[in-house]
Amino acid sequence: MPWRAAPRAALTSPLTLIIAAVTALLACFLGTAAVLQASAAGGAAVTYQSDIVCPDYYGPVFSKDNVPAAVAPQVIDSVRRNAPAHGFPAPVTSRYTPYLFGTEFNGDPNYKVVLAHRDQALQGHLDLAGGSTGAGFLLGTVVAGAENIKPGATPSIKGTPIPPVTGLYRDLPDPAPRWWCSQQRNAVVSRLANDPLDSVMFANDGKTFDDTVRALNIPTIKTLHMSFYDAPPKTVGEAEDLQERGKALIAAVKADLGSRGLGDAIVGSLPFERSVEISNQAESNVLISILPLAAISILVGCAGIGTVALQWYQRRHPQLRLLSARGSGPGALGLLAVAELGLPIVAGGAAGAVLARLLLGVYGPPGELNDGATLWGSLVAAAILLVSLALLAGVISVRTHREFELGRVRSGRRKKVKLLAFFPWELLTAGVALLGWNRLVDYSKGSRIGNPLPQVDPLALTYPVFVVLTVGLVAARLAWLALHASHRAHLWSRPALQLAIRRLASARAPVTGVLVIGTLAIGTLATGIGIARGQEEALQTKSAIFVGAETRVDTESVVGTGKVALPDSITDSTAIVGELTGAGNVVLVVDPRTFRQAATFGPLDGAEIDRLLGGLSSPGAGVPAIRIGHDPAQKATLPAGLGEARAVGELPMFPIIGTKAGYVVSRDSLSEAQLRSVPKWSLLSSSSMTQVTEALASVGVMTAVNRVTRESALDALPFYVVSWTFSFMALLGAVLGVVAVLSLLVAVEVRRRQNALAGALVLRMGMRPRALLASHLMELGALSGLAVVIGVVCGVSVAGLSVPRFDPATFLPPQSALPDPTPLALTVLAVGVLVVALAGWIAMRSVRTARTAELIRA
């Protein structure tokens with residue numbers, strides 16, 4: 001029976017078998033990848049949110065100010081007893097008294113201290129500078145060093161002695177290390193806002209703290225804070241489970257304290273709850289955004305299966321006619337195709353699902369998958385396989401029914417087929433593209449400060465795909481018409497070219513199909529990569545212009561006026577910048593010698609920056625200045641009586657200033673009095689925030705509250721979500737590219753017998769093999785070259801129009817822009833050349849191995 005021998009019969013056409021398997025692999029790969037991409041986006045969003053919040057804020061937090069000292073132990077006991085039942089470790093408890101005036105050291109009663117205790121603080125989180133951690137208190141080195149207080153000193157508060165100072169710890173910097181993040185307000189002494197004699201004294205153990213509070217008769221604990229240090233959640237599911245357990249713990253603690261009449265003694269909160277909502281929204285946004293793209297990819301995969309079915313039908317036509325004559329029905333013949341190609345299709349689909357999971361780290365967001373995401377991806381792949389097998393059987397059944405049972409196609413049906421062929425589908429896709437463009441124009445209007453994620457409009461996101469598809473259909477339509485009229489071409493003086501044209505004309509349907517798929521593939525790839533990389537680069541350039549360097553710290557004016565020298569540790573990586581406004585301008589005062597080494601200029605040209613900074617020392621009337629964001633109404637008058645600016649050049653934007661109207665001047669062109677009139681001085685540095693603040697503290701300069709780094713300046717998640725969404729479009733383009741290559745190879749394989757016979761005959765008629773190879777390369781090169789040129793031009797153009805409109809932070813300059821498309825264009829061109837060479841080799845190989853007599857008899 002042919003059905004029983006079908007799997008073995010498939011081996012007679014290995015190329016068809018491979019193409020069927022690869023087509024199923026790609027379809028299942030994309031279907032599974034869509035599910036995994038969305039889940040990984042949620043995991044990446046959770047990881048991003050985990051990195052920007054305090055490490056003890058993932059779970060519940062119990063905190064309240066002004067807790068009665070007698071009540072605090074009961075609250076602590078309640079949280080500790082209930083935490084294990086809800087899956088939480090022992091809480092880390094922090095307690096701080098109010099500032100205690102009249103603290104006496106070495107006979108001087110003018111000190112002011114806060115008594116504090118925090119669990120685990122002495123386990124590597126406080127840097128011991130001297131003494132030991134015996135029963136007593138640790139005093140900060142700032143006060144101890146300034147007042148010559150040594151370990152062993154016995155302080156007293158308003159005459160009441162307290163345990164001795166057993167050791168000295170290095171005061172926590174501002175900002176504090178990450179472990180102390182949630183305690184910044186209480187554990188870090190702001191030297192600008194407080195007296196230099198202020199300090200936080202940490203008790204070495206909880207008993208010492210409690211005993212001291214009782215001895216001093218302190219009525220209230222100024223701040224009681226309890227939180228949990230646990231592993232950060234990696235997926236949305238883990239984060240949601242953490243929040244649910246946190247809610248249960250808060251309810252249990254509240255009920256426990258309420259039974260004692262202390263229901264309001266502590267307040268429980270879930271600081272990470274909003275982050276979980278944002279992460280969940282990010283996952284939903286990506287999923288909703290890529291669903292249309294996933295549907296398109298699955299349809300393309302099904303079209304590929306249909307093409308394989310038609311190719312199998314042509315190869316098996318004599319056998320199918322014989323089986324039909326012997327009584328086999330269309331359904332049975334369709335099952336014969338499934339019996340022959342079903343195994344490679346199932347194997348290819350399973351391999352596609354596995355590859356989608358294994359390669360997730362290559363194409364997807366850097367996040368962990370939710371529990372069940374792999375299962376859902378597998379179910380999607382299984383559904384695609386069932387549809388593929390049903391489609392394979394259905395195509396064969398319909399074709400055999402029409403040809404072997406209905407006979408000739410009726411004229412009415414032929415008219416319907418022609419109508420479908422000539423229907424202007426490009427007008428339909430252009431209409432959808434226009435509708436998407438109208439949505440895309442307003443897409444970025446929801447971009448505002450405080451808006452965590454951009455709005456979702458799947459129709460706007462499909463605009464680039466439908467534009468590329470429309471262009472591909474128009475190109476295919478024109479190619480169809482050109483090939484239809486190609487019989488008028490008489491180029492027999494160039495026989496290789498004439499043969500190439502005739503071969504193309506004889507296979508108009510496969511040619512136009514390959515052209516559409518190839519154009520769609522390359523255009524989608526270019527668009528996806530352009531938009532995804534454009535948003536990634538926009539994040540970097542916007543943060544560079546906004547901050548001005550890796551780190552920006554506002555300082556005391558004594559630094560800007562030169563009264564205090566910068567520490568050696570940051571001299572080579574830091575520049576001092578003054579800023580003042582007035583007269584409609586923003587003016588930056590820089591030191592050209594150091595500004596270039598510290599600042600970050602984003603998209604600005606470094607050589608041009610060097611030239612203009614060098615021009616700030618040029619002689620002449622007025623203050624030499626670089627003009628920024630010039631508009632016709634901009635005045636040359638500088639604020640604060642600095643004089644008139646003399647422009648030595650122009651730039652469209654500048655660090656800190658952005659695109660606002662302003663000037664950059666050299667501090668060397670200003671007098672000391674003018675420098676003292678500058679109200680704001682900042683340090684721009686390529687060093688980290690911790691290095692800068694510690695170095696400034698070492699020379700007695702205390703930073704103000706304005707501190708910013710490039711990492712923390714902008715919420716990067718909206719940029720990442722856009723990038724993750726369009727990375728799937730790039731993935732779709734890459735897969736469609738493989739489909740296009742396979743389609744080209746299928747077209748060559750379908751015409752193998754015809755090409756082999758024609759090639760063998762023209763060789764016998766005197767054509768050289770080199771000329772025949774050139775003819776095949778012309779044919780395939782024209783098709784591939786047209787797809788490459790149209791796809792790259794269209795994809796780059798669409799990406800260039802779309803990138804600024806997908807910008808999630810339009811309020812910050814510079815505007816998102818298309819990255820350099822040259823590497824992509826060269827890569828696509830190189831791949832196209834390789835594919836044409838491979839297809840030409842296959843065509844020539846069929847000619848060399850052809851047996852002319854057998855081909856003529858067949």
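None of these values were measured; they are calculated from a predicted model.
- The CG atom of L736 sits 11.5 Å away from the OG1 atom of T519 when rounded to the nearest 0.5 Å.
- Side-chain atoms of T551 come within 3.5 Å of backbone N or O of S687 as a donor-acceptor pair.
- Residues meeting the ring-ring contact (aromatic ring centres under 6.0 Å, His included) test with F272, sequence neighbours left out: Y58.
- Residues I298 and I384 are in side-chain contact: their nearest non-hydrogen atoms beyond the backbone lie under 4.5 Å apart.
- Rounding to the nearest 0.5 Å places CZ of R95 at 7.0 Å from CD1 of I221.
- Taking Y463 as the reference, W437 meet the ring-ring contact (aromatic ring centres under 6.0 Å, His included) condition, with sequence neighbours excluded.
- Of the inter-residue distances, the one linking L525 atom CG with L824 atom CG reads 5.5 Å to the nearest 0.5 angstrom.
- Between the side chains of S723 and E536, a donor-acceptor pair is found at a separation under 3.5 Å.
- Within a 6.0 Å radius of CD in E240, other residues, nucleotides and ligands contribute more than 12 heavy atoms.
- Side chain of Q691 to backbone of S688: a donor-acceptor contact under 3.5 angstrom is found.
- With hydrogens and angles ignored, the 3.5 Å screen pairs no side-chain donor or acceptor of Y96 with any backbone N or O of Q183.
- Using a 4.5 Å cut-off on side-chain heavy atoms (C-beta onward), V79 and F228 make contact.
- Between the side chain of N82 and the backbone N or O of V253, no donor-acceptor pair lies under 3.5 Å.
- Without hydrogens or angle criteria, S259 side chain to D256 main chain gives a donor-acceptor distance under 3.5 Å.
- Judged as a ring pair (Phe, Tyr, Trp, His ring centres under 6.0 Å), the pairs with a partner in residues 361-380 (not counting sequence neighbours) are, in order, F29-Y363.
- Every residue meeting the salt bridge (charged side-chain N to carboxylate O under 4.0 Å, His left out) condition with D119, not counting sequence neighbours, appears here in chain and number order: R80.
- Atom CD1 of I529 and atom OG1 of T524 lie 11.0 Å apart (nearest 0.5 Å).
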Side-chain donor-acceptor pairs of residues 45-55 under 3.5 Å, sequence neighbours excluded:
| unit_1 | atom_1 | unit_2 | atom_2 | d |
| --- | --- | --- | --- | --- |
| T47 | OG1 | G43 | O | 3.0 |
| Y48 | OH | D715 | OD1 | 3.2 |
| Y48 | OH | A716 | N | 2.8 |
| Q49 | NE2 | S275 | OG | 3.1 |
| S50 | OG | V46 | O | 2.7 |

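- Atom CG of N66 has more than 12 heavy atoms from other residues, nucleotides or ligands within 6.0 Å.
- Put simply, the side chain of S39 never gets that close to the backbone of V35: no donor and acceptor are under 3.5 Å apart.
- Every residue meeting the side-chain hydrogen bond (donor to acceptor under 3.5 Å, both in side chains) condition with Q540, not counting sequence neighbours, appears here in chain and number order: R710.
- Judged purely by atom type and a 3.5 angstrom limit, T32 uses its side chain to pair as donor or acceptor with the backbone of G377.
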